[in-house]
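So the structure is just underneath, and the comments pick up after that.
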Protein chains: 2
Amino acid sequence: MLNNSHYIDKLRSSGLRPTKQRIKICEILFNTEKTFHFTINDLVKKISKATNDKISLATVYNTVHAFKKKGYLKEIPINSDQSYFDTNTSHHHHFYDENQKDLIDIDDADVEPVKVNTRIPGKKIKSVEVLVKVEDA
Amino acid sequence: MLNNSHYIDKLRSSGLRPTKQRIKICEILFNTEKTFHFTINDLVKKISKATNDKISLATVYNTVHAFKKKGYLKEIPINSDQSYFDTNTSHHHHFYDENQKDLIDIDDADVEPVKVNTRIPGKKIKSVEVLVKVEDA
DNA sequence: TCAACAGTTTAGAACTATTATAATGTAGAA
DNA sequence: TTCTACATTATAATAGTTCTAAACTGTTGA
């Protein structure tokens with residue numbers, strides 16, 4: 001296990017108090033090279049595997065929302081009965097396999113920049129997200 | 001009001017019985033040049049304005065799902081607490097105004113074709129959807 | 001150090017969109 | 001007309017998420 005001081009600094013520097021719940025969730029989400037996609041339910045399961053101290057569901061929601069707001073997580077736009085989050089906050093897009101109900105990252109180098117030649121007056125672009133739905137060939 | 005026989009034929013030819021509820025919903029959704037985006041809740045409100053005969057919520061859900069399955073409606077992938085549907089089933093993309101919670105069509109001519117230079121083995125691409133999130137400038 | 005306060009966690013209730021149920025109604029075929 | 005399968009309906013059930021209010025804790029500053 002890595003030193004948690006990194007997470008403590010990260011949390012503190014973004015104005016979030018480094019509580020033990022938040023540090024634990026940081027460990028689970030960010031203590032790995034690999035990024036991944038998850039639902040709240042997935043995360044709750046990971047937490048209960050990783051620790052004996054239970055974290056309340058409300059805290060999991062609060063924390064995920066706080067992390068999203070701070071830019072440590074991205075929410076993936078997809079119609080589903082649950083929200084999907086992504087620990088990969090760099091710019092990239094997704095395949096969604098409609099048969100397996102599975103999300104797969106698309107390396108950003110594999111998608112030509114999307115050019116949108118129109119604007120909404122008084123609005124600025126926040127993000128451009130591409131979802132490629134695939135199905136069994 | 002246009003002649004409903006068109007909708008009756010359309011429904012019948014796709015294997016859906018032309019009930020008065022379905023015909024009414026067809027009138028509301030398709031009796032206009034303009035295409036539009038709506039949630040189930042929006043549609044329920046439109047129905048209650050347009051008719052005195054109330055249509056039950058379950059029927060609205062059933063009908064929208066049936067129409068989507070038949071390709072008369074598209075569901076728009078977006079994270080929201082509600083599902084959004086689109087009467088424009090041709091290929092096009094969307095802006096989503098995060099302040100007004102409003103969807104806006106992007107004319108397909110205003111988006112350069114999205115090139116995805118990678119594939120999932122054994123899968124074929126079903127759709128490529130671009131969602132441009134905007135916020136107040 | 002420690003009191004005070006603001007931010008955080010918590011269990012559980014509440015809320016919202018959606019789906020399921022099962023009884024009643026209706027379109028279309030024979 | 002009568003039958004049957006499909007549709008509609010009110011309502012209950014479900015599931016994900018948010019709210020509430022009380023208890024707890026990290027941080028500040030005296």
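Computed from a predicted structure; not experimentally measured. Labels below follow one simple rule: chain letters A, B, ... track the order of the sequence lines, proteins then strands, and each chain is numbered from 1.
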Could you state whether Ile104(A) and Leu131(B) fall into the same hydrophobic cluster, counting links through intermediate Ile, Leu, Val, Met, Phe, Trp or Tyr residues with side-chain heavy atoms under 4.5 angstrom apart? no
Any chance you could list the contact pattern along nucleotides 23-30 of chain D? Use B for base contacts, S for sugar-phosphate-only contacts and - for none, protein heavy atoms under 4.0 Å, 5' to 3'. --BBS---
Compare side-chain N and O positions of [X] against OP1 and OP2 of [N] and report whether any pair is under 4.0 Å apart.
{"X": "Thr59(A)", "N": "dT10(C)", "answer": "yes"}
{"X": "Tyr61(A)", "N": "dT18(D)", "answer": "no"}
{"X": "Gln21(A)", "N": "dT10(C)", "answer": "yes"}
{"X": "Lys54(B)", "N": "dT9(D)", "answer": "no"}

With a 3.5 Å distance limit and no angle check, can you tell me whether [X] reaches the backbone of [Y] through a side-chain donor-acceptor pair?
{"X": "Thr63(A)", "Y": "Thr59(A)", "value": "yes"}
{"X": "Thr87(A)", "Y": "Phe36(A)", "value": "yes"}
{"X": "Asp105(A)", "Y": "Asp107(A)", "value": "no"}

Side chains of Asp86(A) and His92(A): donor-acceptor distance under 3.5 Å anywhere?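 There is such a pair (donor and acceptor under 3.5 Å, judged by atom type) between the side chains of Asp86(A) and His92(A).
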Base, sugar-phosphate, or nothing: which does Asn62(A) touch, judged by heavy atoms less than 4.0 Å apart? base
Sugar-phosphate only, base, or nothing, as touched by Ile55(A) at under 4.0 Å among non-hydrogen atoms: sugar-phosphate
Report yes or no: is the cationic atom of Lys10(B) (NZ for Lys, CZ for Arg) closer than 6.0 Å to the six-membered ring centre of Tyr72(B), at no more than 45° off its axis? yes
Where the side chain of [X] is concerned, which of [options] is the nearest nucleotide?
{"X": "His65(A)", "options": "dT18(D), dA11(C), dT18(C)", "value": "dT18(D)"}
{"X": "Ser83(A)", "options": "dT17(D), dG12(C), dA17(C)", "value": "dT17(D)"}
{"X": "Arg22(A)", "options": "dT10(C), dA7(D), dT9(C)", "value": "dT9(C)"}

Distance check needed: [N] [atom2] versus [X] [atom1], whole Å only.
{"X": "Asn79(A)", "N": "dA17(C)", "atom1": "CG", "atom2": "P", "answer": "16 Å"}
{"X": "Asp53(A)", "N": "dA11(C)", "atom1": "CG", "atom2": "P", "answer": "12 Å"}
{"X": "Leu57(B)", "N": "dT14(D)", "atom1": "CG", "atom2": "C1'", "answer": "15 Å"}
{"X": "Lys70(B)", "N": "dC6(D)", "atom1": "NZ", "atom2": "P", "answer": "12 Å"}
{"X": "Leu11(B)", "N": "dC6(D)", "atom1": "CG", "atom2": "P", "answer": "16 Å"}
{"X": "Gln82(B)", "N": "dT19(C)", "atom1": "CD", "atom2": "C1'", "answer": "16 Å"}
{"X": "Asp42(B)", "N": "dA17(C)", "atom1": "CG", "atom2": "P", "answer": "11 Å"}
{"X": "Lys69(B)", "N": "dC6(D)", "atom1": "NZ", "atom2": "P", "answer": "12 Å"}

More than 12 heavy atoms of other residues, nucleotides or ligands under 6.0 Å from NZ of Lys133(B): is that the case? yes
Does the distance from a Lys or Arg side-chain N to an Asp or Glu carboxylate O, for Lys123(A) and Glu135(B), drop under 4.0 Å? no
Pairwise 5' ranking along DNA chain C for Ile40(B) and Gly15(A), keeping only the more 5' one: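 Nearer the 5' end of the strand: Gly15(A).
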